[in-house]
Amino acid sequence: MANTFSGVEFGANLTNKDVPSTDSLATKLLDSTSLSVRIATVSAGALPFLMCHQYHPGVLAYFEPRNVATWPQLSKAGLPHDPPEIYDLDRFLCQSRRLARLFTQISLPSPSRGGFLTDSILPILTIESTCDETAAAVISDDGAVMGQCIATQEALHERFRGVVPEVAARAHLERILPVIDTAIRQAEVSPDDLDAIAVADRPGLAGSLLVGVVAAKTLAIAWQKPLVTVNHLHAHLYACQLSCESSVYPCVGLIVSGGHTSLYYCTSPLDLEYLGGTIDDAAGEAFDKVGAMLSLGFPGGPAVSKLAAEGKRDAYAFPRSMVHEKHFDFSFSGLKTAVRYAITGPGQQDFASLKIDPTIKADVCASFETAVVDVLVRKSRRALKMRHCKQLIIGGGVAANGYLRDQFHNAAEKDGFALTIAPPELCTDNAVMGAIALEKMRRGDFASFDLDITPGLQRGF
Ligand code: KG4
Ligand code: ZN
C-alpha cells in the first residue's frame with residue numbers, strides 16, 4: 001500500500017513472496033551498474049557472493065556465512081575456502097573481519113576528490129539492516145524521500161515469538177540487493193547520480209549489521225562512492241526532525257524501540273548526551289513478551305495496543321519501576337513478571353495451552369500499557385525539567401503506540417513543552433531516517449574503508 005511522506009509517494013514494501021530469486025537479482029544488479037559487479041550463485045541452495053572485479057582481481061565482498069564451493073579467488077585473496085558450519089556465526093564474523101582487513105587496501109574517493117563538500121549534495125542511498133527489517137532509501141539533499149523499500153521479516157520470526165539472529169541475517173542476505181534495487185528504481189536515479197552510500201553500522205544484531213555494511217562497502221567500491229555510517233539510535237530520533245520544518249534542537253530525546261529505551265539530551269542530530277536507559281528489557285521487548293504470553297503473535301506491540309483499547313486501565317496495579325529514583329534508567333523486567341503472575345500465578349506455565357478470558361486479556365494489556373507509558377512520561381518530564389528544556393522528541397517502534405502519543409501530548413499541554421513524535425511510518429525501522437547521514441556529510445564525516453560493525457550499545461553515544 002502506498003504511503004506519503006514529505007509530499008513524495010512511496011510504498012512497494014516487499015513481503016516474503018515478492019523477493020526475487022538470486023538469479024534475477026544478479027541480472028538486476030548487472031543492469032543497474034556499468035561496473036562489473038556480479039552476484040554469483042555458487043550452487044543450488046547456496047547464497048550469493050557479491051563480487052567486484054573492477055578494482056581487485058579477487059573477491060572483495062564475502063557476503064555469505066557458508067562458503068559452499070571452492071573458489072580459486074577465495075584462496076588467492078587469502079580467504080578460507082572450506083565450508084564453515086552453517087550456523088557458526090562466530091566463524092562468519094571472524095571471516096568477515098578478515099575480509100574487512102582486505103578492504104583497507106582499497107581506496108575510495110575522498111570527499112575532497114569527489115567534491116562532496118560543495119553546497120549541494122546529490123541524493124544518497126541509505127541502507128538499514130540492524131535487526132529484522134531490510135530497508136533502503138534514496139534521499140535528496142533536502143531530506144525528501146525519492147524512493148524507499150522495506151522488506152519485513154515478521155512472518156519469519158513469528159513462530160519463534162521473537163527475532164532469531166541467524167534467521168534474520170540470512171533473510172537480510174537474500175533481500176538486501178532487491179531492496180536496494182527497488183529503492184533506486186523508484187527514485188529513478190542511476191548509481192552515477194548518488195553522492196554517497198550510508199549504512200547503519202550500530203547498534204544491532206551482529207549478523208544483520210554485517211550484511212548491510214558489507215553490501216554498502218561493496219557498492220561503494222563498485223560505484224566509487226564515499227561511505228557514511230549511521231547510528232541507528234540517532235537515526236530513530238532524527239525521524240522526528242524529518243517531519244519538522246524548524247529545528248527541534250536542543251531537545252530531550254526519548255528512544256523507545258524493541259531493543260532500546262533511552263533518554264538523551266541532544267544539542268544537534270549528532271551531539272547526544274546519554275542521560276539513562278533500560279537496565280534490562282526495552283519497552284518494545286516488554287510489549288513483545290507480554291504479547292507472547294497472551295498468544296497475540298509477533299511483534300506483540302501493535303496487538304497488545306489494539307486489545308488495550310478495549311480493557312480497563314486500572315484493572316491491575318502493575319509496578320512502575322524506578323519511577324521515584326533521580327536517575328534516568330528504566331527497568332521493565334519486573335513489570336513483565338508481574339504480568340506473568342497476573343495471568344498464571346507463580347510457577348511454570350505453558351502459555352500456549354492457557355485459556356484466558358478475552359476480558360482479562362484486554363484488562364492485562366490496558367494495565368500493562370498504562371504502566372509502561374506512565375514511567376516513560378514521568379521520566380521524560382523530569383529530564384526536561386532537569387535540563388530546563390522545552391522540547392521533547394520521541395522515536396522508535398513503540399512511539400507508534402496511540403496511547404503513548406496521547407499521553408505525551410497531554411503532558412506537553414500541561415507542562416508547556418513542544419513535542420515532536422516521529423510520524424508513525426517512521427517509528428519502526430526504516431532507511432528514511434538514515435537521512436541523518438546528510439548531517440554527517442555536511443560535517444565532512446565519512447567512514448574509512450576498514451569500517452567494522454559495532455553491535456553493542458555504547459553508553460554515552
Ligand atoms: O524501532 P523498532 O522497529 O525496532 C528496533 O529498533 O528495536 O521497534 C520494534 C518494536 C517492537 O518491539 C514492537 O512490538 C514495537 O516496536 N511496536 C509497538 C507498536 N508498534 C511497534 N509497541 C507498542 N505499540 C505499538 N503500536
Ligand atoms: Zn530500531
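Order of appearance sets the numbers: ligands from 1, and atoms from 1 within every ligand.
In summary, the side chains of S129 and H172 do not present any donor paired with an acceptor at a separation below 3.5 Å, with no hydrogens or angles considered. Between the side chains of H236 and D429, at least one donor-acceptor pair of N or O atoms lies under 3.5 Å.
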**OP:** Check step by step if side chain to side chain donor-acceptor pair (under 3.5 Å) holds for Q391 and T420.
**Re:** CA-CA 8 Å; Q391 170 80 55; T420 308; 3.2 Å; yes

**OP:** Given side chain to side chain donor-acceptor pair (under 3.5 Å), test S333 with D281 step by step and report yes or no.
**Re:** CA-CA 6 Å; S333 71; D281 290 355; 5.5 Å; no

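Contact detail for G434 and V230: the closest heavy-atom pair is O-CG2, 4.0 Å.
Residue P302 places a heavy atom under 4.0 Å from ligand 1. For E369, the closest heavy-atom approach to ligand 1 does not fall below 4.0 Å.
Inclusion of G284 in the set of residues having an N or O under 3.5 Å from an N or O of ligand 1 is warranted. Where the criterion is an N or O separation shorter than 3.5 Å, residue side chain and backbone included, H236 meets it with respect to ligand 1. The shortest N or O to N or O distance between T428 and ligand 1 is not below 3.5 Å.
Counting heavy atoms closer than 4.0 Å to ligand 1, residue C427 contributes backbone atoms (N, CA, C, O) but none from C-beta onward. Heavy atoms of E133 found under 4.0 angstrom from ligand 1: none, in either backbone or side chain. With a 4.0 Å cut-off on non-hydrogen atoms, H260 does not touch ligand 1 at all.
In terms of modelled atom types and a separation under 3.5 Å, the side chain of T261 and the main chain of A283 share a donor-acceptor contact. Side chain of R340 to backbone of M293: no donor-acceptor contact under 3.5 angstrom is found.
Identified under the ring-ring contact (aromatic ring centres under 6.0 Å, His included) test for residues 370-404, with sequence neighbours left out: none.
Protein heavy atom in closest approach to atom 2 (P) of ligand 1: D429 OD1, 3.4 Å. Ranking the protein heavy atoms by distance from atom 11 (C) of ligand 1 puts D288 OD2, 3.5 Å first. Protein heavy atom at the shortest distance from atom 24 (N) of ligand 1 is N401 ND2, 3.1 Å. Of the protein's heavy atoms, G397 O, 3.6 Å lies nearest to atom 17 (N) of ligand 1.
Of all atoms in ligand 1, numbered sequentially from 1 with element shown, those under 4.0 Å from a heavy atom of G259 are 7 (O).
Atom CG of N430 and atom CD of E128 lie 7.5 Å apart (nearest 0.5 Å). We find the CZ-OH distance between F368 and Y316 to be 14.0 Å, quoted to the nearest 0.5 Å.
For the Zn ion (ligand 2), the neighbouring protein N/O/S atoms at less than 2.8 Å, given as residue and atom, are H232 NE2, H236 NE2, D429 OD1.
Here E369 pairs with R313 under the salt bridge (charged side-chain N to carboxylate O under 4.0 Å, His left out) rule; sequence neighbours left out. Residues that satisfy the salt bridge (charged side-chain N to carboxylate O under 4.0 Å, His left out) test with D363, not counting sequence neighbours, are K312.
Remark: among candidates G258, A235, G301, the nearest residue to atom 22 (N) of ligand 1 is G301, based on non-hydrogen atoms.
Aromatic ring centres of Y274 and Y265: separated by at least 6.0 Å.
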